[in-house]
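Written out below as structure tokens is the structure these notes cover.
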Number of protein chains: 2
Amino acid sequence: MTEELTRGVPRPTGAGELFQLLRDGRPRTRADLAAVTGQARSTVAARVDLLLSSGLVAPAGEAASTGGRPPVTFAFNPRARAVLAVDLGATHARLAVTDLAGQVLVEHHQPLAIAEGPDVVLDRVARVGTELVREAGREPTDLVSVGVGLPGPVDHGTGRPTNPPIMPGWDDADVPGHLGRLLGVPVLVDNDVNVMALGEHASTYPEVDHLLFIKVATGIGAGIISDGQIRRGAQGAAGDLGHIAVPGGRDLPCRCGNTGCLEAVASGSAIATALRSEGLEVASSSEVVALVRAGNLAASRAVREAGRDIGGVLAACVSLLNPSLIVVGGVVAEAGEHLLAGIREVVYRRSLPLATQHLRIVTTRTKGRAGVLGASAMAAEHVLSSAAIDASLG
Amino acid sequence: MTEELTRGVPRPTGAGELFQLLRDGRPRTRADLAAVTGQARSTVAARVDLLLSSGLVAPAGEAASTGGRPPVTFAFNPRARAVLAVDLGATHARLAVTDLAGQVLVEHHQPLAIAEGPDVVLDRVARVGTELVREAGREPTDLVSVGVGLPGPVDHGTGRPTNPPIMPGWDDADVPGHLGRLLGVPVLVDNDVNVMALGEHASTYPEVDHLLFIKVATGIGAGIISDGQIRRGAQGAAGDLGHIAVPGGRDLPCRCGNTGCLEAVASGSAIATALRSEGLEVASSSEVVALVRAGNLAASRAVREAGRDIGGVLAACVSLLNPSLIVVGGVVAEAGEHLLAGIREVVYRRSLPLATQHLRIVTTRTKGRAGVLGASAMAAEHVLSSAAIDASLG
DNA sequence: CAACTTTTGATTGACCGTCGGCAGAACTCC
DNA sequence: GGAGTTCTGCCGACGGTCAATCAAAAGTTG
């Protein structure tokens, strides 16, 4: 008995809303758009002209004739502008200039200690970013926004980090203000794992509305997409999986002061520590991955065991959030199928059938690019939203 | 650098959107509304006239004069229509007729076995509901919608139960169709715990955007409100806390086939079972509560211990969702502070400070009414949304 | 190649909603 | 009680959207 609520309401579809229809990149004719929006051809034509003049929409050739003059089609033109995507980790930075659809134009990777503080780091980011825009063959004016992922909790509304544990000097730093002054465009900031979740969603699974992204690296964290949107919780701290107690897990001490946290048991550093106690020389997460790839059995077994521990916590997440997709990323996910096997084993055993029957668990296919892709998507969204388009077209 | 996106955009505030401003019940003058919406006085006046004619808004006396003619104020008139709220449990039904703000006009409580199947139960609901409308002194035409809470997973989009474990014969039953034909109004259906979460939110904590409602009764379940909305997940199965493994919990077998599930360890029936093994005669959750209230120490201890187990799982929920409020309901919550004490103890110990610093954990104050209040809110929302108002006045 | 079909762009008048001004009503202040 | 202030209902002006029309363009079909 759910009634059709939109019936009879002459929805005021401005140019911005018309643009949303075209954002999927599929070419459409004026007649298509008029049919979908219910507006008069003349109105649609005016809107299309406006969008054409902005460059955000471009002609996309002719469609097949149905007996008369073939109609011209139009499509979103992602290359009209560019955005800067910034993915900052504890010890390195990855920057990219992308088009408005997340296509990477140029990319840059460099060591950069976040501990040097916001002034040093953000100045560097702005300088390298400006250079990258030039390298991409774009004018400085092509840049319309910046997206930044930071390795710690961020209040997305203000763009300020809140009590970040591994970013000394960054607490409450005005990242959007600082970068915005240097680059002259709006700056969006979020926690790196949220940004990666967004990147996975935008680049690979746009049709999945309930997605959980898990980053397994030195630490462990998650980004939650529910009903198509990032969920950040009351303080922007949602998705902090690392300090959930592993059911049936070993009672190892964690840096948070508790024991048995997922991070203490199954993170990259925890795996490395465990392997060292077996006499192997492993210092970091990436060395664990290297060992696994080299065929070391102890390392494979440890990664798989970590997968089971992570699976224990993810099973709780599945029961709680009922996602249809879990994407596993972070360096440790590069260790092949071992991690995933452990995760799947426990999640499918410990969750109810209703929640798992349509659940897929996969590793990321973005090859370390989830962060920049998400930062790009976040920045692009800010500029391409219906309201933003309407505002920019006057 | 987050720009003001709405600037310059002449937002098309129809009568429906204007109404949303008045929904808080506070009286406002035409001038107030014009100032807030940015529309001309004449436009606002026309909208107000429309809303007045529908009865949904009514004059609310004059405001104090500021030196000239005193302005007339208007306010939402919740008593203009009525909704039927239905809260169905495994063995009893609670129905209420409420106004559009969730004020209960008449209430009815009766034993009703859900196992009798949808035809019998829904026919009964429609008959009692019609009678209640009369008892409330309302015309049948005053009834505008129905909200129903069911004790099992529901696809909220279609209103059909999906593989409910304790509702034989209800799988994929067309609840909205059946009730809608009998009562002639739209019917909204959801899982009972979601509905209770909504009830708690609407009736007591409307300003809290991130709320977790836990029902502790024969089973254990949760309703998640995130960014102000119920989150149901991909199959509508979100919030299914009952079968999450308790960290460090006993390995008791659960009806789901696994062991160590929260429900097997800490539900009302689990507590009763544990107490029976100590030689006490307890058959149900409510008898556990009665024992606690009578001052039985073993029962108090068992409830507190159950609280700790629940706290273990809730700590994971807090890390994952970062709510600002957890409301504990269900019969077991009526056992006083013992349950809450156990929950608080573990949640505050096992969660990170950022997530807990503004977290409140409370017991419901709705006295078993959370279900009908939520059903009422769900039904009212369907009729009072901006689009619905526009459609009904258009 | 001619006849027909369909799209495009431009123009037009009708319609509707919003805006701002104006006159009258209702109240306060002196 | 009069002057000033503020609210309310009414009216014409303005601007955007719509449907209709037309001529030109660019195809298809026989």
Side-chain angles (χ1 to χ4, degrees), chain A residues 6-19 21-22 27-53 57-75 386-387 389-391 393-394, chain B residues 6-19 21-22 27-54 57-75 386-387 389-394:
Chain A
T6 54
R7 184 185 56 83
V9 181
R11 41 187 167 165
T13 315
E17 278 192 47
L18 190 69
F19 177 70
L21 294 173
L22 288 162
R28 265 169 263 253
T29 68
R30 284 179 245 250
D32 290 342
L33 294 172
V36 172
T37 61
Q39 293 173 308
R41 290 118 188 76
S42 51
T43 307
V44 170
R47 300 268 155 81
V48 168
D49 285 348
L50 211 57
L51 291 170
L52 282 171
S53 74
V57 165
E62 295 183 349
S65 163
T66 58
R69 173 173 176 171
V72 180
T73 64
F74 305 91
S386 181
I389 295 283
D390 282 337
L393 295 182
Chain B
T6 54
R7 185 184 55 81
V9 181
R11 42 188 166 166
T13 316
E17 276 191 51
L18 190 68
F19 177 71
L21 295 173
L22 288 161
R28 264 169 262 253
T29 68
R30 283 180 245 251
D32 290 342
L33 294 172
V36 173
T37 62
Q39 294 173 307
R41 290 114 188 78
S42 51
T43 306
V44 170
R47 300 267 155 83
V48 169
D49 286 347
L50 212 58
L51 290 170
L52 283 171
S53 73
S54 76
V57 164
E62 293 183 349
S65 164
T66 57
R69 175 173 175 171
V72 180
T73 65
F74 305 91
S386 180
I389 295 283
D390 282 338
S392 74
L393 298 180

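Residue numbers start from 1 in every chain, and the chains themselves are labelled A, B, ... in the order their sequence lines are given, proteins ahead of strands.
- At whole-Å resolution of the value, CG in Leu50(B) and C1' in dT18(C) are 15 Å apart.
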Test side chain to side chain contact (heavy atoms under 4.5 Å, CB included) on Leu50(B) and Val57(B) and set out the steps. CA-CA 9 Å; Leu50(B) 212 58; Val57(B) 164; over 6 Å; no
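- For Asp49(A) and dT7(C), the CG to P distance is 18 Å, given to the nearest whole Å.
- Here the straight-line distance linking atom CZ of Arg47(A) with atom CZ of Arg30(A) works out to 14.0 Å at 0.5 Å rounding.
- Here the CZ-CG distance, from Phe74(B) to Asp32(B), works out to 11.0 Å after rounding to the nearest 0.5 Å.
- Rounded to an integer number of Å, the gap from CZ of Arg47(A) to P of dG9(C) is 16 Å.
- One interatomic measurement links the two molecules: CG of Asp32(B) to C1' of dT8(D), which rounds to 15 Å at whole-angstrom precision.
- Along DNA chain C, the nucleotide nearest to Thr66(B) and the one nearest to Val72(A) differ in position, and the one closer to the 5' end is contacted by Val72(A).
- Comparing atom distances between the Ser42(B) side chain and each of dC19(C), dG17(C), dC27(C) picks out dC19(C) as nearest.
- Per the geometry, CD belonging to Gln39(A) stands 11 Å off C1' belonging to dG16(D), to the nearest Å.
- The listed nucleotides are dT7(C), dA26(D), dA26(C); the one nearest the side chain of Pro70(A) is dA26(D).
- Listed nucleotides: dT6(D), dC27(C), dC18(D). Nearest to the side chain of Ala40(A): dC18(D).
- In this structure, CZ of Arg41(B) is placed 18 Å from P of dA23(C), rounded to the nearest angstrom.
- The backbone N or O of Leu21(A) lies less than 3.5 Å from a partner atom in the side chain of Arg28(A), making a donor-acceptor pair.
- Distances shorter than 4.0 Å separate some side-chain N or O of Arg30(A) from OP1 or OP2 on dG9(C).
- Proximity note for Thr43(A) (side chain, C-beta onward) versus dG17(C), dT8(D), dC18(D): the nearest is dC18(D).
- Rounded to whole Å, atom P of dG17(C) lies 16 Å from atom CG of Leu18(B).
- The line from CZ of Phe19(B) to OG of Ser54(B) is 7.5 Å long, rounded to the nearest 0.5 Å.
- Rounding to whole angstrom units, CZ of residue Arg69(B) and P of dA26(C) are separated by 6 Å.
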